[in-house]
Amino acid sequence: MQVYPDIISLIGNTPIVKVNRLDTGPCELYIKLEGQNPGGSIKDRIALKMIEAAEKSGQLKPGDTIVEATAGNTGLGLAMIAAVKGYRMMIVLPDKMSQEKISHLKAYGAEIVMTRSDVSRGHPEYYQDLAESLIAKMDNAFYVNQFANEVNPQTHEEWTGPEIWQQMGKELDTIVVGAGTAGTITGVSRYFAKVAPHVEFILADPEGSILTDLINDKKVVQKSASWMVEGIGEDFVPVTSDFSHVSRAYPVNDKQSFHAARELLSKEGIFVGSSTGTLIHAALQYCREQTDKKRVLIVSGDSGNKYLSKMFNDTWMQEKDLL
Ligand SMILES: Cc1ncc(COP(=O)(O)O)c(C=O)c1O
């Protein structure tokens with residue numbers, strides 16, 4: 001028999017697939033499909049580790065409520081684990097998130113508190129500020145706070161990073177990642193700085209995010225721009241982030257991101273989410289700029305099935321003037 005004891009045991013060990021038909025210049029391009037985690041995204045990893053750490057430290061006890069502010073995927077991972085372990089789950093979600101994610105969260109039994117996407121940090125209706133004010137009024141509740149929880153980058157340093165290195169047979173030159181909490185890029189780049197410091201890190205960033213200027217020009221510029229790609233890009237610098245091993249950021253707009261994801265599906269049959277479109281566009285740009293053959297890996301955060309009503313819907317694309 002080859003069976004797993006529960007759904008949580010299926011988290012991690014996601015496959016890596018080669019890109020064959022896109023123009024990658026002299027490079028080889030690979031995609032790690034984190035969308036194949038059971039909750040559907042890379043966030044299953046941190047959801048599991050943050051809950052286990054809170055149980056171990058006594059911050060989370062049986063019967064408690066787990067509260068989180070999330071763009072959706074962390075909420076899905078947490079809601080899945082909360083279902084398995086019997087916790088109540090409350091999620092504060094910005095209203096730009098796809099209907100698929102909202103329906104999926106509700107189906108896990110999570111309570112959703114919807115808030116505005118068009119306000120920035122410091123505004124009482126900003127999703128993280130709202131989660132903080134809710135938790136202040138609650139008893140027997142644990143605020144996960146992925147943006148400031150050290151277990152987030154630590155998970156990627158101890159788990160995702162070693163997994164990539166082993167799967168690539170220790171032959172890799174460049175990793176292209178996006179950053180929301182920056183847990184992935186911080187943790188994975190810390191691991192590679194120890195074992196293979198020649199591996200270069202590239203950030204793919206939605207146009208309007210402050211992270212591009214932070215990495216390329218070492219300055220923090222306040223912006224109020226918003227973007228439609230979900231899960232990556234920031235309007236503040238997360239406390240647990242560390243971009244010291246990141247060599248360059250490529251800004252990518254929504255249209256470029258969505259078209260890259262649609263092309264990956266139509267030419268390679270690989271079904272990824274909107275943030276992976278951003279990564280593909282940046283990775284192809286990087287690959288075509290190279291003069292030497294490099295092995296380049298994209299860490300794809302989630303799959304395309306959450307975006308059927310948006311990026312993969314021609315009517316929606318037309319309404320947004322993106323076709
Ligand atoms: C689809 C997707 N990709 C990438 C990320 C970014 O990961 P991180 O928060 O580790 O920077 C997220 C975060 O929400 C995401 O939802």
Side-chain angles (χ1 to χ4, degrees), residues 14 31-37 39-50 68-78 91-94 96-98 100-101 104-105 117 127-128 144-161 164 175-191 201-206 209-211 214-215 227-243 246 249 252 257-258 260-261 271-280 282-283 298-307 310-311:
T14 54
I31 308 183
K32 184 162 175 63
L33 297 173
E34 284 294 304
Q36 299 216 359
N37 280 303
S41 85
I42 190 162
K43 298 293 189 170
D44 285 5
R45 295 177 188 263
I46 63 162
L48 175 63
K49 297 295 177 185
M50 292 187 302
E68 182 60 327
T70 159
N73 281 330
T74 304
L76 287 166
L78 289 167
I91 286 166
V92 185
L93 192 74
K96 79 167 187 181
M97 298 311 154
S98 73
E100 289 90 331
K101 283 185 192 163
H104 194 173
L105 283 167
S117 302
Y127 70 133
Q128 292 164 45
V144 181
N145 200 3
Q146 59 171 336
F147 286 90
N149 191 327
E150 277 298 341
V151 178
N152 172 5
Q154 201 182 322
T155 300
H156 295 294
E157 184 175 353
E158 294 173 0
W159 189 4
T160 321
I164 291 171
I175 301 183
V176 181
V177 204
T181 66
T184 309
I185 200 159
T186 299
V188 175
S189 69
R190 273 187 187 148
Y191 170 75
F201 278 81
I202 300 292
L203 181 80
D205 201 31
S209 159
I210 63 155
L211 300 176
L214 175 69
I215 287 160
W227 49 91
M228 284 180 265
V229 164
E230 297 180 31
I232 58 168
E234 261 326 325
D235 48 12
F236 72 103
V237 185
V239 286
T240 52
S241 65
D242 172 4
F243 296 106
V246 181
V252 181
S257 298
F258 297 158
F271 194 32
V272 294
S274 58
S275 68
T276 310
T278 312
L279 271 60
I280 292 282
I298 285 171
V299 181
S300 166
D302 66 3
S303 92
N305 48 18
K306 294 168 195 178
Y307 309 93
K310 291 181 150 186
M311 176 176 77

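The chain is numbered in sequence order, starting from 1. One-based numbering, in listed order, for ligands and for the atoms of each. Any value given below was found using the heavy atoms of this structure, including those in side chains, with hydrogens, waters and symmetry copies removed.
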Could you tell me whether some N/O pair between G301 and ligand 1 is separated by less than 3.5 angstrom? no

Check: D242 main-chain N/O paired with T186 side-chain donor or acceptor under 3.5 Å: yes

Any N/O pair I42/ligand 1 closer than 3.5 Å: no

Quick one: does any side-chain atom of E68 pair with a main-chain N or O of V92 as donor and acceptor, under 3.5 Å? no

Determine whether the side chain, the backbone, both or neither of A182 has a heavy atom under 4.0 Å from any heavy atom of ligand 1. backbone

Taking non-hydrogen atoms only, is K43 closer than 4.0 angstrom to ligand 1 via side chain, backbone, both or neither? side chain

Under 3.5 Å, is there a donor-acceptor pair between the side chain of K96 and the main chain of W227? yes

Can you tell me the protein heavy atom closest to atom 12 (C) of ligand 1 and the distance? G231 O, 3.1 Å

Counting non-hydrogen protein atoms only, what is the nearest one to atom 4 (C) of ligand 1? Give residue, atom name and distance. I232 CG2, 3.4 Å

Donor-acceptor pair, side chain of S209 and main chain of E234, under 3.5 angstrom: yes

Please work out which of the three classes, parallel, tilted or perpendicular, describes the rings of F147 and Y127, given edges at 30° and 60°. perpendicular

Between T181 and Q146, do the side chains contain an N or O donor and an N or O acceptor separated by less than 3.5 Å? no

Give the atom numbers and elements of ligand 1 that come within less than 4.0 Å of a heavy atom of A179. 11 (O)

Considering only non-hydrogen protein atoms, determine which one is nearest to atom 3 (N) of ligand 1 and report residue, atom name and distance to 0.1 Å. S275 OG, 3.1 Å

With heavy atoms under 4.0 Å as the rule, classify the contact between T181 and ligand 1 as side chain, backbone, both or neither. both

Ignoring hydrogens and angles, state whether a donor on the side chain of T14 or E34 is under 3.5 Å from an acceptor on the partner side chain. yes

What part of N73, side chain, backbone, both or neither, has a heavy atom within less than 4.0 angstrom of ligand 1? side chain

From the candidates P153, G180, G77, the one that places a heavy atom nearest atom 11 (O) of ligand 1: G180

Say whether, by atom type as modelled, one donor and one acceptor occur between the side chain of S274 and the main chain of E230 under 3.5 angstrom. yes

May I ask you to decide if G75's main-chain N or O and T70's side chain share a donor-acceptor pair within less than 3.5 Å? yes

Considering only heavy atoms of T184, which atoms of ligand 1 have at least one such atom less than 4.0 Å away? 7 (O), 8 (P), 10 (O)

Any heavy atom of D302 closer to ligand 1 than 4.0 angstrom? yes

